Each structure stands twice: as structure tokens, then as C-alpha cells.
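In what follows, a single structure is set out as C-alpha cells and then discussed.
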Protein chains: 2
Amino acid sequence: MQTLSKNQQIIFDLIDKSPEPMKAYAILFNVQKKGIKAPLQVYRALDKLVEIGKIHKIESRNAFIACQNSSCQVSKATAFSICEICEKVTEISSSSLSKYLTNFKDKDGMKYSKYNLEFFGLCKKCR
Amino acid sequence: MQTLSKNQQIIFDLIDKSPEPMKAYAILFNVQKKGIKAPLQVYRALDKLVEIGKIHKIESRNAFIACQNSSCQVSKATAFSICEICEKVTEISSSSLSKYLTNFKDKDGMKYSKYNLEFFGLCKKCR
DNA sequence: TTACATAGTGTTATATTATAACAATTAAAA
DNA sequence: TTTTAATTGTTATAATATAACACTATGTAA
Ligand SMILES: [Zn+2]
Ligand SMILES: [Zn+2]
Ligand SMILES: [Zn+2]
Ligand SMILES: [Zn+2]
């Protein structure tokens with residue numbers, strides 16, 4: 001439980017109350033009235049928030065979402081479902097999935113310290 | 001087995017012989033002597049090659065790699081290991097992994113039509 | 001062959017995403 | 001306190017990706 005700096009808190013609050021992943025420049029636009037005026041200020045806060053696991057980056061969308069598992073202290077094992085029509089993104093919290101992937105060894109016996117998994121399909125509403 | 005257009009073939013050959021994932025503008029630089037002069041020409045070929053499964057995009061790196069499983073006719077189930085030091089990327093071909101993920105259902109019973117998984121760690125050489 | 005549809009190409013301009021470099025300020029730890 | 005690390009503010013620029021339009025090649029079907 002880390003205390004966030006001013007910019008980090010402003011940006012986290014915005015992402016956290018967004019029903020969908022937010023892109024960096026959409027964040028910038030939304031926080032300009034709070035005095036955050038430059039892309040770098042946004043990216044710096046995003047980097048830190050990702051590092052401490054408060055938000056995750058959806059790599060296939062260049063967008064950021066608040067962690068929906070209060071347990072993700074650090075972003076090292078993330079899985080998302082992404083609707084290809086409405087772009088709704090949900091963080092998957094399945095202990096069997098995370099167990100499987102955390103223990104996965106490739107054919108050389110190598111284990112990995114981190115992973116990111118993105119599933120694509122149609123959400124309930126869009127089917 | 002689709003026959004590639006001229007630009008698609010040039011760009012595929014380049015990526016295929018590269019020992020590491022290539023970024024779009026590195027590709028552009030390398031094919032300029034062959035008459036491909038604009039980013040859009042590169043991106044169009046990349047889009048098509050991804051669509052037909054001859055190459056994959058490593059989302060966390062914005063880079064492209066030739067498919068290493070001759071079986072991936074279409075890119076809908078991809079998994080990679082990525083070394084965080086040397087950036088070496090390998091396509092993982094594990095039937096148990098692909099079986100597990102293809103059949104994965106989330107807690108609402110939803111199955112997905114596509115996924116992309118990226119594992120991170122240190123490769124043999126970098127450990 | 002001719003007509004038509006589809007896919008691919010070439011080109012210019014521009015949009016979107018992200019980082020470099022430097023100076024100043026604040027918070028924390030020794 | 002002093003000194004170290006983290007954060008902020010700012011300008012400029014790099015890297016990644018798409019829009020729009022005109023044209024050309026290729027395949028299919030009458
Ligand atoms: Zn999380
Ligand atoms: Zn949907
Ligand atoms: Zn493949
Ligand atoms: Zn390595």
C-alpha cells in the first residue's frame with residue numbers, strides 16, 4: 001500500500017473510474033484542467049502506476065486499465081478478455097489459469113518471471 | 001498456402017531471415033533499396049502477413065517475427081517467450097499450453113476465439 | 001474478350017504514441 | 001541537517017501508425 005504522488009493520484013482516480021481502458025492522450029485531455037499539461041507528466045505517472053500494479057497496460061490497445069484484482073500488488077501475471085466489437089476489457093481472475101501459467105515451463109525447462117495474456121472474442125452484450 | 005504479392009514477399013523474406021523481431025521502420029530502412037519507400041507500404045504488407053499468419057506481432061515490443069510454427073495458418077493463438085535482457089523472442093509451441101488456452105472458459109463460461117500470450121524472463125544465455 | 005470486382009501499389013500528408021534532456025522542487029532517509 | 005531519491009514542469013523531438021486519393025494489376029464470370 002503505497003501512497004501516490006499528486007499526479008499519480010489524479011491519473012489513477014481518472015482511470016479507476018473509467019468504465020473502459022483509457023489511452024494516454026485521452027488521459028492527458030481529461031487532466032489538463034487539473035494542471036497536468038504535458039504528455040510526459042502523464043507517461044511518468046502511468047509508468048509508476050504500472051510498476052506498482054495499480055493499473056495495467058493493455059498492450060494490444062495501448063490503453064490502461066485499473067487493476068480489478070485488489071490482489072495484484074505488482075504487475076507480473078496479467079490476463080484480460082477483450083471484446084473485439086465494443087472493446088470492453090475485463091481483467092481475468094482465475095486461480096487455475098494463473099497457477100497454470102505461473103508454473104508453465106517451456107520445452108527447455110525454462111520458467112518465466114512474468115506474463116501477459118490477452119484473450120479476444122465477443123462479450124455477452126455483443127454476441 | 002497463399003501466394004504473396006511483391007511487397008509482401010520482400011518484407012516477409014526480410015523478417016524471416018532476421019534472427020530477431022523487426023520493427024516497422026527498421027523494415028522500411030532495409031527495403032528502401034528494393035523500392036519500398038513509404039511507411040504505409042510496409043504497414044500494409046505487415047497487416048496482410050499478420051492476417052494470414054505468416055508473421056506475428058509482438059505487442060509488447062511493437063515488432064514483428066516470422067511464424068516459427070509452420071502450422072500457424074492464421075494468427076489466432078500465439079505464445080512467445082521474451083528475454084528481458086537481450087530481447088530474444090521465441091514462439092512457444094506447446095500443444096498442452098495451446099489446448100489449455102483454447103479451451104479456457106472464464107467464470108461466465110465464455111470461450112474466446114483468439115489469444116496472445118507473452119512470457120517474460122531471462123533466456124539461457126542471459127542467466 | 002470484355003466487363004466488373006477485388007486486391008495491391010505509390011504518394012503526400014497527418015495522426016497517435018512515446019521519450020530525451022534539462023532545470024527546479026518536494027519528500028525521505030541518514 | 002544534509003544529502004539522496006523521487007517527483008514535477010517544460011520544450012522539443014522521436015517512433016509508431018493511419019487517412020485520403022489516384023492508379024495498376026489480377027482474378028472471375030458473362
Ligand atoms: Zn490486476
Ligand atoms: Zn462487446
Ligand atoms: Zn506462429
Ligand atoms: Zn537473453
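In this text the structure is predicted, and so the values were computed from the model without any measurement.
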- request: Decide whether B:Ile65 and B:Val42 are clustered together by the hydrophobic rule: side chain heavy atoms of Ile, Leu, Val, Met, Phe, Trp, Tyr closer than 4.5 Å, transitively.
  value: no

message: Whole angstroms only, please: what is the CD1-C1' distance between A:Ile10 and D:dG9?
response: 13 Å

message: Any donor-acceptor pair under 3.5 Å linking the side-chain atoms of A:Ser60 with those of B:Glu59?
response: no

query: Could you state the CG-P distance from B:Leu46 to C:dG8, rounded to the nearest angstrom?
result: 14 Å

query: Quick one: B:Gln8 CD to C:dA7 P, roughly how many Å, whole number?
result: 12 Å

- prompt: Is the centre of the B:Phe119 ring less than 6.0 Å from the centre of the A:Phe104 ring?
  reply: yes

- prompt: In whole angstrom, what separates A:Leu49's CG from D:dT7's P?
  reply: 10 Å

query: B:Lys6 has an atom NZ; how far is it from atom P of C:dT9, in whole Å?
result: 7 Å

- request: Please report, rounded to the nearest Å, how far the P atom of C:dA18 is from the CD1 atom of A:Ile27.
  value: 10 Å

field: Test item: A:Asp106 side-chain N/O and A:Asp108 main-chain N/O as donor-acceptor pair under 3.5 Å
entry: yes

query: Should B:Ser5 be listed as having a side-chain N or O under 4.0 Å from OP1 or OP2 of C:dT9?
result: yes

statement: Here the distance between atom P of C:dA7 and atom CG of B:Asn7, to the nearest Å, is 17 Å

query: Using a distance-only test with no angle check, is there a side-chain donor-acceptor pair under 3.5 angstrom linking A:Gln32 and A:Asn30?
result: no

statement: Contact string for nucleotides 10-17 of chain D, one letter per nucleotide 5' to 3', B = base within protein heavy-atom range under 4.0 Å, S = sugar-phosphate only, - = neither, reads BB----BB

query: Where do B:Phe80 and B:His56 land on the side chain to side chain contact (heavy atoms under 4.5 Å, CB included) test, with the steps shown first?
result: CA-CA 10 Å; B:Phe80 303 95; B:His56 304 302; 3.5 Å; yes

query: Separation of A:Leu4 atom CG from C:dA28 atom P, in whole Å?
result: 12 Å

task: Report yes if at least one side-chain N or O of A:Lys48 is closer than 4.0 Å to OP1 or OP2 of D:dA6; otherwise report no.
output: no

